[in-house]
Amino acid sequence: MFSTPTGLPRVGRFEPVLNHIAEEVSSLTDRGRPADYIPLLAKADPQRFGMAVAEVDGTVYGVGDWRHPFSAQSITKVFTLALALSLGGERLWQGVGREPSGNPFNSLVQLEHENGIPRNPFINAGALVVTDRLQSLTSDAAGQVLELLRAESGNPGIDFMPEVAACEASYGGRNAALAHFMASYGNLLTPVPGLLAAYFWQCSIVASCKDLALAAGFLARHGTRANGSTLLSKSQAKQINAMMLTCGTYDAAGDFAYRVGLPGKSGVGGGIIAVVPGVCTLCVWGPGLDRHGNSVAGVLALDRFTTLTGLSVF
Ligand code: DON
């Protein structure tokens with residue numbers, strides 16, 4: 001129905017496909033349910049939907065609520081990982097693995113069997129290790145992630161949401177358990193209370209589809225930042241994309257790869273970022289989640305995007 005966008009005239013080339021997808025999403029009857037572990041997320045309206053595509057040169061297209069800020073949550077884990085790898089290099093992998101977990105993102109069960117080394121950087125335990133390493137390198141992991149998002153999106157208005165950070169802390173027993181358990185194995189470099197605070201602040205960042213699609217651009221540009229400087233080597237960018245493909249949507253990563261065919265990372269705020277290396281980055285938002293914690297409308301929209309345009313890594 002749509003020819004491959006790379007063959008189309010530049011101006012407005014993604015607009016028809018985005019409009020078409022928004023139309024399809026509008027007739028979706030079961031959009032899942034917003035995350036309800038904290039009241040601020042539970043209030044989100046599952047009917048909202050936005051989608052943005054940012055080309056590698058920074059040209060950005062969007063549809064629906066694509067400029068509406070939402071809780072980025074675990075999408076920020078990609079940016080923490082990028083900074084930890086960029087500043088600390090390969091030694092990160094002594095403390096966190098690179099395998100899909102096949103378990104829910106907040107699961108505790110594998111950690112004891114695997115001696116306090118989490119399966120990958122995108123489950124909560126693994127993200128805590130990555131934030132810990134960034135915290136030990138910079139003393140302000142959450143601030144560094146915020147700065148990266150602001151710089152890459154060009155939007156200095158992206159910010160933390162203190163109410164969300166406070167809620168995360170008050171409902172954060174499971175993350176606290178994960179952190180203390182890993183500390184007991186000697187797998188944390190910084191004190192648990194400060195690490196948890198940094199992790200909760202990081203989760204509380206609020207940004208729009210437009211912001212996040214632009215901010216993830218370095219993953220499509222093989223590690224090059226929006227200003228042309230290098231954040232990651234080509235091979236580190238490849239590694240993060242590979243990990244997003246295999247682990248970025250938790251215990252649904254196989255199904256996501258099957259349907260969408262792109263590296264992706266979801267958050268319980270209902271956002272998902274995805275990368276077409278060398279071409280563009282995408283961000284979709286729809287607050288209703290499936291049982292794995294991934295946006296129902298978001299996965300459908302990305303599935304339709306890669307199907308209609310032929311743009312995928314396969
Ligand atoms: O750690 C938590 O429980 C949340 N603040 C982040 C969870 C999240 O987004 C995982 N994603 N799907």
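Basis for what follows: all heavy atoms, side chains included, without hydrogens, waters or symmetry-related copies. Treat the numbers as computed from the prediction; the structure is a model and nothing was measured. In each ligand, atom 1 is the first atom listed, and ligand 1 is the first ligand listed.
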Novice: May I ask you to list the atoms of ligand 1 that are less than 4.0 angstrom from any heavy atom of E168?
Specialist: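 Per the distance check, 4 (C), 5 (N).
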Novice: For the residue pair Q73 / E168, report whether a side-chain donor-acceptor contact shorter than 3.5 Å exists.
Specialist: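 Looking only at side-chain atoms, Q73 and E168 do form a donor-acceptor pair, the distance falling under 3.5 Å.
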Novice: Do S101 and N103 get their side chains close enough for a donor-acceptor pair, meaning under 3.5 Å?
Specialist: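 There is no such pair between these side chains.
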Novice: What are the atoms of ligand 1, with element, lying closer than 4.0 Å to any heavy atom of Y37?
Specialist: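 Heavy-atom distances to Y37 below 4.0 Å select 4 (C), 5 (N).
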Novice: Within a distance under 4.0 Å of any heavy atom of N124, pick out the atoms of ligand 1 and give their elements.
Specialist: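 Near N124, the atoms of ligand 1 are 1 (O), 2 (C), 3 (O).
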Novice: How far is atom 12 (N) of ligand 1 from its nearest protein heavy atom, and which residue and atom is that?
Specialist: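 Nearest neighbour among protein heavy atoms for atom 12 (N) of ligand 1, to 0.1 Å: Y250 CE1, 2.9 Å.
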Novice: Just which atoms of ligand 1 are under 4.0 Å from any heavy atom in S74?
Specialist: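 That gives atoms 6 (C), 7 (C), 8 (C), 9 (O), 10 (C), 11 (N) of ligand 1.
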Novice: For atom 6 (C) of ligand 1, grab the closest protein heavy atom and report residue, atom and distance to one decimal in Å.
Specialist: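 Answer, as residue, atom name and distance: Q73 OE1, 3.1 Å.
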Novice: Parallel, tilted or perpendicular, judged at 30° and 60°: which one describes the rings of W285 and H68?
Specialist: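 Answer is parallel, since the angle falls under 30°.
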Novice: More than 12 heavy atoms of other residues, nucleotides or ligands under 6.0 Å from OH of Y185: is that the case?
Specialist: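 Counting neighbours around OH of Y185, more than 12 heavy atoms of other residues, nucleotides or ligands fall under 6.0 Å, so yes.
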Novice: Less than 4.0 Å between a side-chain N and a carboxylate O, is that true for R150 and D211?
Specialist: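 No, D211 and R150 are not salt-bridged.
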Novice: Any chain of hydrophobic side-chain contacts (each under 4.5 Å) joining M182 to L81?
Specialist: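 In one cluster with M182: L81, yes.
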Novice: Would you say Y61 and K210 are linked by a side-chain donor-acceptor pair, where the criterion is simply a distance under 3.5 Å?
Specialist: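 No pair is found: no donor N or O on one side chain lies under 3.5 Å from an acceptor on the other.
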Novice: Look at atom 1 (O) of ligand 1 and say which protein heavy atom is nearest, naming residue and atom and giving the distance to 0.1 Å.
Specialist: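 The closest heavy atom on the protein side is Y199 OH, 2.6 Å.
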Novice: Within ligand 1, which atoms have a heavy atom of N175 less than 4.0 Å away?
Specialist: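 Counting atoms of ligand 1 from 1, those under 4.0 Å from N175 are 1 (O), 2 (C), 3 (O).
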Novice: Can you confirm, on distance only, whether ligand 1 has an N/O atom lying under 3.5 Å from any N/O atom belonging to V268?
Specialist: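 Between V268 and ligand 1, an N or O pair is found under 3.5 Å apart.
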